[in-house]
Amino acid sequence: MNSDCDVLVIGGGITGVTIARELQSRGRQVRLIERGRIGQGCSLGNAGWVTPCFAMPLPQPGMLLKSIRWLLDPSSPLHIHPAPSLTLARWLWRFTLSMNRRKMLRSIEVLTAVSKYSLEFYSELASRAPQALSFEKRGLLMVSSTDDGLASARSEMELMSRQQIPGRWLDRDELLAFEPVLKPVVRGGVYFPEEAQIDPLEATLAIAREFQALGGIIQEEHEVFDIECGPQGAITRVRTTQGDFKPALVVLASGSWSPGIARKLGLSVPILGGKGYSMTLNAARAPSKPIMIVERKIAVTPFPGRLRIAGTLELVNQDMSISPARLAAIHRGAHEYLDLTGTGTNHDPTPASAREIWRGLRPCTPDGVPIVGPSSRISNLFYCTGHQMLGLQSAPGTARLAADLITGATPLTDPAPFSARRFE
Ligand SMILES: Cc1cc2nc3c(=O)[nH]c(=O)nc-3n(C[C@H](O)[C@H](O)[C@H](O)COP(=O)(O)OP(=O)(O)OC[C@H]3O[C@@H](n4cnc5c(N)ncnc54)[C@H](O)[C@@H]3O)c2cc1C
């Protein structure tokens, strides 16, 4: 079957559904294709944070030495798979070049803009579907027990106050009174009161439903396996396992799998899969707010009736294997800082009690900013991918930016840092 269509969005994660909905709401006729089911990629089991206070790119000054130290530690929060490849070498080179303060500040500015927009978006989405969405504004606590962690929390509070994101410093006693589930090992931290959380799958499905209600078409179990280009440098046919499409515009929103699809067009998209894990627990006690344990890079999210702990960034590309050592490190780390058993001890330090273990591949660009913009080489290709650790909290904002660029409206924020030209 060959179907002509106006816009074809490839990928049914949070990025794909938000851009599809945004373009459909602006009068385009959008078809979204997904190789599996909607929301079952990286958008499934993440920590659910919609926290503009974390609008930080992955590369930051001083990370190089830390990454080298962490390289061979099986329980470190960041791990770079040492298997040598040209792709990895190129990615790491660009990553290293991005570890400077000027670049970081510029990235923070635009990532904050899209994250703030997303926070508003989810709040409105939840008010339209209150039964279907567990959106809550509980704020967010960053806690630390080390000199390095405390310095990093303070620096983040200062950086974010420049973006008008308020945070309040708390010393150990204030923290323990504020969040009694914390153990005395914590020495200080920051409370950001305006941050929110949402169940990521519920959010993705709710947006997909709104897209369909606007007249958009979703086709699951459609895997793109080839793309053909005509002599004019435009895509003429997208081939899927369930038939072909001839779209006027293709939006690439397939997360960590975007490079493989772009390669069909002779394009090299520098996105590596950054594997992370989450465990959903039936904890006896849970904190009242989401918590980031700074030095362990562990995110703890209390959802109604369950607790999710998440962490680790392993630059592995497509490897979906599960590392017991990393799961144990996340679980142990959470129990070291939080009394989740009500016993005050480190009881239950293994992930055996997790009711669900999940891993996902964060689509990581080397400069930590998603790619949102038209291809400079293929006239009807538009990128909306590479949302790294912030896909849930930035996708509605990048969808708005993408739709602004596609329809010629005033862009939500400066599009230059997102441009595909930085790689193509
Ligand atoms: C442990 C962990 C915790 C996280 N916590 C947070 C958080 O608290 N807040 C936050 O903002 N972000 C968080 N993230 C990051 C966030 O999950 C990602 O940035 C986001 O899910 C990326 O969304 P996406 O739509 O780009 O990719 P995906 O959700 O992976 O969607 C891509 C889709 O493309 C489809 N696809 C791939 N190839 C093809 C093909 N050939 N044909 C058709 N379809 C195809 C896939 O099946 C998939 O459904 C976390 C990530 C991890 C791993």
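Each ligand, and each atom within it, is numbered from 1 in the order the structure gives. For the numbers below, each heavy atom of this structure counts, side chains included, while hydrogens, waters and symmetry mates do not. What you are looking at is a predicted structure, and each value in this text was computed from that prediction instead of being measured.
Using a 4.0 Å heavy-atom cutoff, Ser256 is absent from the residues neighbouring ligand 1. Ligand 1 is never approached by Thr385 to a heavy-atom distance shorter than 4.0 Å. Within the 4.0 Å heavy-atom cutoff, Glu223 counts among the residues contacting ligand 1. Using 4.0 Å as the threshold, His222 has a heavy atom nearer than that to some atom of ligand 1.
Listed by atom number, the atoms of ligand 1 under 4.0 Å from Thr15 heavy atoms are 23 (O), 24 (P), 25 (O), 26 (O).
Between the side chains of Glu295 and Tyr337, at least one donor N or O lies within less than 3.5 Å of an accepting N or O. Defined by atom type and a distance below 3.5 Å, a donor-acceptor pair is present between the side-chain atoms of Ser321 and Asp319. Side chains of Glu221 and Thr241: a donor-acceptor N/O pair is absent below 3.5 angstrom, by distance only.
Here's the thing with Cys42: one of its N/O atoms is less than 3.5 angstrom from an N/O atom of ligand 1.
With hydrogens left out, the protein atom closest to atom 47 (O) of ligand 1 is Glu34 OE2, 2.7 Å, a heavy atom.
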Derivation and outcome, side chain to side chain donor-acceptor pair (under 3.5 Å), residues Gln393 and Ser115: CA-CA 5 Å; Gln393 77 171 50; Ser115 301; 3.0 Å; yes

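Proximity of the aromatic rings of Trp49 and Phe54 is defined here by a centroid distance below 6.0 angstrom, and this criterion is met.
Taking 4.0 Å as the cut-off between side-chain N and carboxylate O, Arg239 and Asp244 count as a salt-bridged pair.
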